[in-house]
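In listed order, ligands and their atoms are each counted from 1. Nothing fancy with the numbering, it's 1 onward along the sequence.
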Amino acid sequence: MGSNGALTFDVEKNPNAVPATEREALLQNPGFGKVFTDHMVTIRYSENTGWHGWKIEPRRPLALDPATLVFHYALEIFEGMKAYRLPDGGATLFRPDANARRFRNSAERLGMAQMPEDLFVESCRALVRFDRDWIPSSEGASLYLRPFMIGSEVALGMKPSSEFIFCAIASPVASYFKGGASALTLWASENFTRAAPGGTGAAKCGGNYAASLAAQAEGLREGCDQVVFLDAVERRWVEELGGMNIFFVFDDGSLQTPPLTGTILPGITRDSLITLGRDMGLTVREEPYGMDQWQKDAESGRLREAFACGTAAVVAPIGKVKGRQHSFTIGDGNAGLIAGRLKAALTDIQFGRAPDQHSWLDRLF
Ligand SMILES: *Cc1c(COP(=O)(O)O)cnc(C)c1O
């Protein structure tokens, strides 16, 4: 039994944990989201007992009745965060309180139970501490955490679930895009939108991803890497990628990113880069940016760079944009200077190479 103030959890050690030599071999080249640690955290919720049954247990299949709500009505939300190895051998999370808050907001939007923020953060801390040997120490690598929650009531009636399962798993990851520096080619989706006003665009839910995959498939057929979505009302304003926010860099050195008006996921990377950009003395605007303007500015040279950002990929430069009505290259089509500086500033803090001036780190050991 472990304990953290009022919170206590049961521990069941994995008797079949991966042997150290095998683990070290896996950590050499983990890819993204394919290798997993030995344990997971689970917590149950029911209307009658509240949050209960907090456990660290061997990572294993969840046994669910086929009539469980999640299978039928996509009652699922998730988070994505990383644990970073520090130069002294310790480890840290990055702004886990922000993930906890967003998790609550996502739950609220989907009518799910809202997990107390300290329970969410303590669960993530406990998992990383327990599986600490899985945090890679190679350059740019980290331990990706995937906390998620499903509606687990067994019922086909369409109503909010009275039971939930929270689970957190962990996966050592190298950098998200192979080759690192090569710039993305985006497909500007004109057939499909990701989120509409009043919808779930600002909630981190699996359903948003399911709804974006046809557009992603279309983009891949067109030879692109990722999709950039436009607003659902005017099909004019650039919103974000399927799983990353977007920034533009202009010739006067200013940065711009679309505002959070409810259809865009409030990225923690986005928020951190706004702060770091301002720390660097750059002007950062949260203002809408039109697709036609984007092409015009890319062609005139007023736009110098564009990049996507998120926890998994950190900062991913955008080189080209294609669509039925658009086709243009940004700058020389390669990774830009400001994107590189912002990525370095952020990862230097995350990996403990630069001072943590905004108190973003949550040191684990
Ligand atoms: C998770 C996510 C992001 C990025 O959020 P971070 O907190 O920076 O990882 C952006 N857009 C969507 C749709 C997402 O799901």
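- Between Arg270 and ligand 1, a contact under 3.5 Å exists for no N or O pair.
- In terms of protein heavy-atom proximity, atom 1 (C) of ligand 1 is nearest to Lys204 NZ, 1.4 Å.
- Considering backbone and side-chain N/O atoms, Ile268 comes within less than 3.5 Å of an N/O atom of ligand 1.
- Of all protein heavy atoms, the one lying nearest to atom 11 (N) of ligand 1 is Glu240 OE1, 2.5 Å.
- The side-chain tip of Arg44 does not point at the ring of Phe166 from less than 6.0 angstrom away and within 45° of straight on.
- Remark: Arg363 engages Asp88 in a salt bridge, criterion side-chain N to carboxylate O under 4.0 Å.
- Remark: distances from the non-hydrogen atoms of Ser272 to ligand 1 are all 4.0 Å or more.
- Side-chain rings of Tyr144 and Phe32 approach one another, their centers coming within less than 6.0 Å.
- Under a 4.0 Å N-O distance rule, the pair Glu79/Lys204 does not qualify as a salt bridge.
- Distances from ligand 1 to the non-hydrogen atoms of Gly243 include at least one value under 4.0 Å.
- Between Asp362 and Arg125, at least one side-chain nitrogen of the basic residue sits less than 4.0 Å from a carboxylate oxygen of the acidic one, meeting the salt-bridge criterion.
- The nearest protein atom to atom 8 (O) of ligand 1, hydrogens excluded, is given as Thr269 OG1, 2.6 Å; this is a heavy-atom distance.
- Glu153 and Lys159 are joined by a salt bridge, as a carboxylate oxygen and a charged side-chain nitrogen come within less than 4.0 angstrom of each other.
- Near Gly267, meaning under 4.0 Å from one of its heavy atoms, ligand 1 places the atoms 5 (O), 6 (P), 7 (O), 8 (O).
- Ligand 1 has a nitrogen or oxygen under 3.5 angstrom from a nitrogen or oxygen of Tyr209.
- Atom 9 (O) of ligand 1 has as its closest protein heavy atom Thr311 OG1, 2.6 Å.
- In this structure, Arg95 pairs ionically with Asp271, as a charged nitrogen and a carboxylate oxygen lie closer than 4.0 Å.
- Within the 4.0 Å heavy-atom criterion, the part of Leu265 lying near ligand 1 is the side chain and not the backbone.
- Taking 4.0 Å as the cut-off between side-chain N and carboxylate O, Lys296 and Asp292 do not count as a salt-bridged pair.
- Per-residue contacts place Arg102 under 4.0 angstrom from the following atoms of ligand 1 (heavy atoms of the residue considered): 5 (O), 6 (P), 7 (O).
- No salt bridge links Glu222 with Lys322; every basic N to acidic carboxylate O contact stays at or beyond 4.0 Å.
- For the pair Arg194 and ligand 1, the shortest N or O to N or O distance does not fall below 3.5 Å.
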